[in-house]
Structures are given as C-alpha cells and as structure tokens.
Number of protein chains: 2
Amino acid sequence: MDIPPRHSDHETHASCALRSRGDDCRFCGVRHLSICQALNINELDQLEKMASDSVFEERAVLFREEDEVSSVFNLTAGVARLIRSLPDGRRQVTGFALPGDFLGISLEKTWRYTAEAVTPLVACRFRRSNFEAFSEKNPHLIKKMHEFASQELNMAQDHMVLLGRLTAEEKLASFLVEMKKRWARVAGHEPGLIRLPMGRQDIADYLGLTIETVSRVINQMQRDRKLVIVPDGVRFVDQSYFDDLAL
Amino acid sequence: MDIPPRHSDHETHASCALRSRGDDCRFCGVRHLSICQALNINELDQLEKMASDSVFEERAVLFREEDEVSSVFNLTAGVARLIRSLPDGRRQVTGFALPGDFLGISLEKTWRYTAEAVTPLVACRFRRSNFEAFSEKNPHLIKKMHEFASQELNMAQDHMVLLGRLTAEEKLASFLVEMKKRWARVAGHEPGLIRLPMGRQDIADYLGLTIETVSRVINQMQRDRKLVIVPDGVRFVDQSYFDDLAL
DNA sequence: TGTCAGCATTGACGCAGATCAAAAGCGTCA
DNA sequence: TGACGCTTTTGATCTGCGTCAATGCTGACA
C-alpha cells in the first residue's frame with residue numbers, strides 16, 4: 001500500500017489521516033493524545049528505539065481474539081474497529097480506535113478482541129516484552145496506562161447504558177455526538193464534518209442494532225432536517241436535537 | 001445496625017457474609033481476592049494504619065455519581081450494586097460488587113456511578129488522599145490496580161456483548177453462570193446454591209430487560225426443569241443447559 | 001461505457017420483549 | 001392474627017425493532 005503524502009489543507013480528510021511518527025517521536029502528531037505524553041525527552045528516545053511503524057491496509061487484521069499478545073500498538077493514523085464475536089457469528093463492536101489510542105493497555109497474555117483496520121492505518125508498534133520491561137522501569141508510564149484504562153472503563157460503562165437502556169434514535173444520536181467529540185480531540189478543533197469511515201454494519205454492531213435500523217434512523221434524521229448525510233460522514237444541522245437525545 | 005456474629009457452618013449464607021477485616025489485615029478473609037494480595041507484610045501493616053472498617057446497612061448509599069471521591073473502598077463482606085442513571089429515571093446496573101472487589105480503582109476525582117448496599121455490607125475504607133500517596137510509593141500496588149482495572153474492562157466488554165447481542169434467555173443464563181463463578185471464587189469452592197441477594201429489578205437493570213421479563217424467563221426455566229428457585233437464589237438442575245446458552 | 005460486487009436504502013411483515021394491569025407471596029408489626 | 005407495604009408473578013396486549021426481500025447507488029475494472 002502507498003502512503004499518501006501529508007497535506008495540511010484539511011486535517012480531518014481521510015487521505016490526511018495517515019500521519020506516521022516519522023521516525024522521531026518528538027514530532028509525533030499524536031504524542032499529546034497518547035500514553036507517550038507521560039514521558040520526557042530521554043524516555044521518549046529510549047522508547048523510540050523499540051518502536052517500529054506498522055502500516056495496515058483497509059480490512060487488515062491487526063490481531064485476533066485469543067491470539068497471543070506479541071506486540072502492542074499506539075495508533076498514529078486511521079481507524080480500527082474492535083470486535084468480539086459469538087460462535088454463531090453475532091458480533092459486538094466494543095469500540096473504535098482513533099489516532100492516539102493504545103491497543104494492549106491491559107498487558108494481558110492474550111487479546112480479548114479482534115482489531116481490524118477500518119481505513120488504511122499506521123500504528124507505532126512495540127514488542128510486548130520490550131514494552132513491558134520498559135514500563136516496569138517507568139512507574140509513571142504504568143500510572144498513565146492506568147489512567148487510560150480507567151478512561152476506557154468509563155467509556156465502557158457509558159456504552160453499557162447506551163446498549164441496555166437507550167432507544168435506536170438515542171443510540172444513533174449518542175454515537176454521532178461521541179464521534180464528533182473524539183474527532184474534535186484528534187483534530188484539536190470542532191469539525192464541521194463528522195467523519196464516519198466505518199460502514200453501517202459496524203455502526204449497527206457497535207450500537208446493538210441491525211444495519212436496516214441504523215439506515216432508517218439516520219435517513220429519518222436527514223428527512224427531519226436534523227443532519228445531512230455526506231460522503232464519508234454526516235453534518236449536524238440541529239445540534240441541540242442531538243445534545244438533547246445523546247447520553 | 002447490628003452485625004451478626006461470625007458463623008462457620010455455611011460460608012455463603014447471608015448472615016455470614018459479614019466478615020470484617022477484624023483490625024488485622026493479615027487475617028483478612030478477602031486478602032487473597034483483593035488488591036492487597038500485591039502487598040507484603042510490612043506494606044500491609046502500613047496500609048492497615050490508614051484503613052477503617054465501614055459498615056453499611058441494606059439500601060445504604062456508599063457514594064453517588066458525581067460525588068467527589070473522598071474515600072476508596074475494599075469490599076470485605078456483602079454485595080453492592082453499581083448504578084448509572086439517566087435523567088428520566090432509566091437505570092443501568094453496570095455491575096455488582098462482591099467481597100474482594102475494590103471501588104475507586106480509577107483514582108479519578110469524581111465517582112462515575114452510584115454504589116448502594118444490596119445486603120448489609122462491610123468495606124475497608126481509605127481516605128483517597130492517603131491511599132493515593134501510598135500507591136504512589138508502591139508501584140507494584142499501582143500495577144495490581146491496573147491488573148484489576150484491566151480485568152474489569154474485560155468484564156465490561158463481555159457485558160457489552162451480552163447487552164447488545166444476547167436474547168433474554170441467554171442474558172439470564174449468562175448472568176446466573178457469572179454469579180455462580182464469582183461466588184465460587186469468593187467461597188473457594190463451587191456453591192450448590194447460587195446466591196442472588198439482589199432483587200429482580202436490579203437483575204433486570206443489569207441485563208437491560210424489564211422486571212417482568214426477568215421473572216418470566218427464570219420461572220420458565222424452572223418449569224422446564226433447568227433450575228429451581230429457592231429463597232435468596234437458585235439451584236442449577238441442568239448445568240449443561242446453562243453452559244450452552246451462556247456467553 | 002457497461003458490468004459487477006459490495007454497500008446502503010426502502011418496504012412489508014413478524015415477533016421478542018415492553019407495557020399495562022391485576023393478583024399472589026411474604027415479611028413486618030400492631 | 002390480620003392488615004399493610006413491598007416484591008414477584010402472571011396474563012393480555014402493544015410496539016420498536018428485527019427479519020426478509022427487493023431495489024438503488026457507487027466505485028472498480030474490463
């Protein structure tokens with residue numbers, strides 16, 4: 001796969017999501033979002049020596065549920081879906097990983113979910129053994145990882161409320177508001193366009209709905225002039241409608 | 001509230017669930033289950049000096065969502081429900097805390113859920129500031145807390161699958177199997193009786209169902225000779241039925 | 001420029017579980 | 001012992017979302 005060159009005209013455009021570490025952590029575009037924020041320049045240098053950039057094309061599998069955790073990843077560009085599957089094929093997307101997100105926070109031996117690239121994707125990769133040894137020597141990195149895990153736990157609990165108690169309309173509204181906030185964090189400002197690189201099926205599996213219901217609800221929102229559907233995302237027309245409905 | 005005396009005849013009986021630390025962490029009945037397992041005798045001594053036993057009666061609130069985290073808790077006896085509420089009164093029980101569980105693992109400033117005693121309850125209580133200072137000096141405690149948080153994150157992800165993708169019957173089966181496993185861990189052996197100290201409404205709010213559906217499904221299971229309903233719990237008759245259905 | 005494959009959308013219909021309502025247990029206390 | 005309050009159970013009915021099926025859209029490639 002070819003990595004397109006960097007652009008600066010539009011931070012949130014798909015082709016620009018591919019920013020890599022560029023072999024120097026000091027200039028990493030997602031450092032301030034990632035666990036690396038816990039490290040000083042020296043530690044960053046050390047960590048950098050263990051890192052390698054990994055590139056995945058769309059649909060590529062980063063790792064599978066039950067696989068041994070041989071590497072951990074710091075996402076620098078692109079989007080991944082995190083999936084738990086049932087034996088009969090039912091799927092639950094437990095989350096979407098965005099730039100700055102860390103995969104392997106739990107330091108367990110085997111992965112508990114599958115990660116697949118939703119878009120072309122770049123990740124800063126560490127061998128698990130190296131990373132664990134490094135974190136062992138840097139307690140404030142562990143602390144930071146714990147903070148990240150706590151944050152994830154919060155999001156997981158929010159998601160339980162969504163799955164257990166919200167209507168289809170509320171689920172969609174919450175999802176769109178969540179994506180808006182998360183992209184804002186990545187871009188550093190509120191985006192006009194809410195990028196939705198994942199397909200309707202992924203959204204359905206994230207929200208505990210069917211693809212038909214997702215489609216119906218979003219299109220109804222468009223008919224009701226709450227949003228407009230654009231290629232690769234949506235644009236809010238009536239922000240307060242979403243604020244009122246979202247979790 | 002009076003704390004009934006200790007019994008030894010039946011570990012899982014309600015009245016015996018009230019075992020406290022007894023002012024000496026070394027003899028704590030839940031040490032091997034709790035984060036304290038990370039500590040050696042010296043550290044345990046130090047921590048003990050900061051601990052105080054807190055007793056809550058049934059229905060008492062340990063803390064509320066949004067409250068400042070002034071204390072953290074190590075549950076030594078009893079059961080608590082952890083609740084997130086929506087403005088309109090809808091509730092999601094995000095979990096049940098059993099002896100050995102730690103409340104406040106995330107070290108955040110405010111609680112993200114409400115905790116209420118389902119049964120009379122004893123918890124080992126630490127002032128947050130003390131506990132945080134202590135953990136700062138004991139990296140392996142942080143590591144252990146991170147392990148516990150990771151474990152919770154796993155359970156949360158399991159629960160997302162349950163909420164998003166399982167049928168009512170599968171949800172109930174999964175819940176009962178989960179409670180059986182958790183009580184087994186606390187008791188140190190597989191209990192014949194699966195204690196369910198929480199009411200039907202709590203179970204419904206945990207599983208994303210209504211109380212009527214919970215009641216119907218459990219009673220149907222009894223009619224189908226899969227289990228028998230007894231005071232304060234259930235007893236499996238057809239274990240393989242549950243193993244097949246559960247997540 | 002046409003064909004094809006993979007989504008997404010739309011419509012008709014069905015059903016699992018919600019809602020509404022009533023009755024039955026069951027522990028507490030006078 | 002009986003009355004009260006709370007929880008659970010059961011029944012009847014409704015409905016939000018799933019299921020099934022067809023059609024439309026878009027981008028890739030010949």
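Chain letters run A, B, ... following the sequence lines, proteins first and then strands; every chain starts at 1.
- Between the CG atom of A:Asp232 and the P atom of D:dT26 there is a distance of 14 Å, rounded to whole Å.
- Neither OP1 nor OP2 of D:dT9 sits under 4.0 Å from any side-chain N or O of B:Arg216.
- Note on A:Thr213: every side-chain N or O is 4.0 Å or more away from OP1 and OP2 of D:dC17.
- Among the heavy atoms of the strands lying under 4.0 Å from B:Arg223 are primed sugar atoms or P, OP1, OP2 only; no base atom is included.
- A:Ser240 and A:Asp238 form a side-chain donor-acceptor contact under 3.5 Å, judged by distance and modelled atom types alone.
- Rounded to a whole Å, the CG atom of A:Asp205 is 14 Å from the C1' atom of D:dG18.
- Note: CG (B:Leu172) to C1' (C:dG17) measures 13 Å, nearest angstrom.
- The distance between atom CD of A:Gln220 and atom C1' of D:dC17, rounded to the nearest whole Å, is 14 Å.
- Note on A:Asn219: every side-chain N or O is 4.0 Å or more away from OP1 and OP2 of C:dA8.
- With B:Asp53 contributing its side chain and B:Val55 its backbone, the two residues share no donor-acceptor pair below 3.5 Å.
- Between the side chain of A:Glu212 and the base of D:dC20 there is at least one donor-acceptor pair of N/O atoms closer than 3.5 Å.
- Position along DNA chain C of the nearest nucleotide to B:Leu209 versus A:Ile229 favours A:Ile229 as the more 5'-ward residue.
- In this pair, B:Phe73 and B:Phe56 present their aromatic rings perpendicular. The plane angle is above 60°, beyond the 30 to 60° band.
- Checking B:Thr167 against A:Met198, the closest nucleotide of DNA chain C that is more toward the 5' end is the one next to A:Met198.
- Taking atom CG on A:Asp202 and atom P on C:dC7, their separation rounds to 10 Å, with Å as the unit.
- Backbone-only contact: A:Arg59 has heavy atoms under 4.0 Å from sugar-phosphate atoms and none from a base.
- Distance B:Arg165 CZ to D:dT19 P: 9 Å, rounded to the nearest Å.
- Under the 3.5 Å distance criterion, the side-chain polar atoms of B:Gln92 are matched with a main-chain donor or acceptor of B:Tyr206.
- In this entry the distance linking CD1 of B:Ile211 with P of C:dA24 reads 18 Å, nearest Å.
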Test side chain to side chain contact (heavy atoms under 4.5 Å, CB included) applied to B:Leu227 and B:Phe242, step by step: CA-CA 9 Å; B:Leu227 55 70; B:Phe242 291 100; 3.6 Å; yes

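- Between A:Ile218 atom CD1 and C:dA8 atom C1' the separation is 11 Å, expressed in whole Å.
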